[in-house]
Amino acid sequence: MRKILCLTLLLSCLSILPAKPVLGAVEKPKKSVLCLNSYHHGYQWSDAIMRGIRSVLENSQYKIDLQIEYMDAKRYNYEDVTSMLLWLYREKFRNEKFDLIMTSDNDAYSFATQYRGMLFPDVPLVYCGVNFLNTDDTDSDNATGIIESFDLSKTLDVALRLNPDKRRIAVVGDSSTAGAAIKRQVQNQLARYKVPLAAEYWTDMSLKNVLDRVANLPKDTLLFFIPYYQVIDGRFLTAEEAMQAIYDRSPVPIYTAWEFLAGTGAVGGNMLSGYLHGQRAAEIALEILDG
């Protein structure tokens with residue numbers, strides 16, 4: 001009995017000893033990646049991009065320290081916060097060494113390319129969510145990524161097949177960096193579309209004015225919705241809430257090009273997936289980290 005008890009105690013002690021590493025096992029090499037996100041946590045488009053990025057990086061051949069900085073450009077004017085962000089990042093990253101920078105959407109891309117020489121010299125850049133990229137405007141050396149480019153013609157094909165009487169299109173958005181870039185994309189694609197549509201651009205007005213106009217739209221019109229934020233009595237309305245309010249008032253169908261808005265009033269359209277967008281950007285990032 002004493003021998004059995006001693007053996008049991010010995011086995012118990014051995015079971016709590018730390019396990020030795022398996023011979024030949026190699027720890028993943030570490031990489032440090034900074035992601036500048038134009039917007040804020042909770043904005044579904046960029047949240048989906050971040051989920052896509054993580055899904056690839058977390059299952060890669062590297063142990064990646066992913067640091068995310070939110071610039072909050074949906075809620076605050078980019079020009080107003082740029083100088084403060086520049087000061088903050090200079091102090092915060094003074095002694096940091098990143099292997100790669102990623103940016104999500106236009107404002108982060110503009111910031112990174114404008115100040116990369118000061119903040120992250122010689123660090124490669126991978127961007128995504130960028131609308132209407134003009135490489136002549138910024139320093140694009142050592143940078144590559146994914147353009148947020150939607151095919152409006154495919155959406156219009158569906159819209160006119162379902163509603164052949166439509167002759168007008170009202171484009172609802174805002175005058176933010178992304179909103180202005182998307183408006184240019186829409187204008188360029190409408191100019192080439194096989195069916196001429198009279199276009200109105202409601203991109204610099206309050207939600208109240210939009211709702212007043214929507215209620216009086218002629219029936220030969222369709223709406224195209226660009227994601228945007230509104231502030232009413234100090235409270236931020238998300239893109240989904242703004243679209244739902246328009247849908248509740250609209251006598252005409254609404255189309256969009258962003259998957260996260262499906263189910264909040266849009267009939268449909270040829271849509272972009274933020275998740276797939278982020279995945280592809282992360283795959284490019286890994287190719288660069290591989291050399």
Side-chain angles (χ1 to χ4, degrees), residues 38-49 51 74-75 105 129 131 148-176 178-183 185-187 189-190 193 195 197-233 235-277:
S38 295
Y39 306 136
H40 56 277
H41 181 69
Y43 182 47
Q44 287 197 46
W45 165 255
S46 55
D47 283 358
I49 287 178
R51 288 196 302 273
K74 279 288 181 190
R75 304 190 205 206
D105 291 276
N131 309 90
E148 185 184 331
S149 180
F150 55 90
D151 191 339
L152 180 61
S153 66
K154 290 183 178 178
T155 293
L156 294 177
D157 287 346
V158 172
L160 295 179
R161 187 163 65 246
L162 296 174
N163 306 276
D165 61 325
K166 303 303 181 185
R167 296 293 178 266
R168 304 171 186 271
I169 182 170
V171 180
V172 184
D174 62 14
S175 55
S176 65
I182 294 169
K183 177 182 174 181
Q185 288 177 305
V186 171
Q187 288 173 321
Q189 295 192 52
L190 278 178
Y193 189 60
V195 178
L197 293 170
E200 297 180 26
Y201 296 91
W202 304 352
T203 54
D204 195 15
M205 62 179 66
S206 69
L207 182 59
K208 181 181 182 305
N209 288 342
V210 169
L211 295 178
D212 289 342
R213 287 197 179 195
V214 162
N216 297 301
L217 276 175
K219 292 187 177 181
D220 66 346
T221 307
L222 59 89
L223 280 168
F224 183 78
F225 186 84
I226 298 170
Y228 78 109
Y229 261 56
Q230 282 277 310
V231 182
I232 298 178
D233 297 329
R235 186 172 74 90
F236 288 96
L237 290 184
T238 65
E240 302 94 292
E241 290 170 327
M243 188 179 200
Q244 185 67 54
I246 293 170
Y247 169 75
D248 291 341
R249 188 75 65 92
S250 177
V252 303
I254 306 172
Y255 292 84
T256 190
W258 290 268
E259 183 185 55
F260 78 94
L261 292 169
T264 58
V267 174
N270 183 257
M271 296 187 181
L272 294 167
S273 165
Y275 184 80
L276 295 178
H277 210 75

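These numbers come from a predicted model, not from an experiment.
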Taking K219 for the side chain and K166 for the main chain, is one N or O donor matched with an acceptor at less than 3.5 Å? no

Once you round to the nearest 0.5 Å, how far does CD1 of I182 lie from CD1 of I226? 5.5 Å

Under 3.5 Å, side chain of D47 to main-chain N/O of G42, donor-acceptor pair present? yes

Indicate yes or no for a side-chain donor-acceptor contact from H40 to the backbone of K74 under 3.5 Å, with no hydrogens or angles considered. no

So, D151 side chain and S153 main chain: donor-acceptor pair closer than 3.5 Å or not? yes

Is the backbone of E148 close enough, under 3.5 Å, to the side chain of Q185 for a donor and an acceptor to pair up by distance? yes

Could you go through the side chain to side chain contact (heavy atoms under 4.5 Å, CB included) check for V214 and V252 one step at a time? CA-CA 8 Å; V214 162; V252 303; 6.0 Å; no

N/O donor-acceptor pair under 3.5 Å between E259 side chain and Y275 backbone: no

For the aromatic rings, using the six-membered ring if either is Trp, is the centroid distance between F225 and W258 under 6.0 Å? no

Any carboxylate oxygen within less than 4.0 angstrom of a Lys/Arg side-chain nitrogen, looking at D157 and R161? no

Flag, side chain of S46 to backbone of Y39, donor-acceptor distance under 3.5 Å: no

Sequence neighbours excluded, the answer for side-chain hydrogen bond (donor to acceptor under 3.5 Å, both in side chains) partners of N270 is none

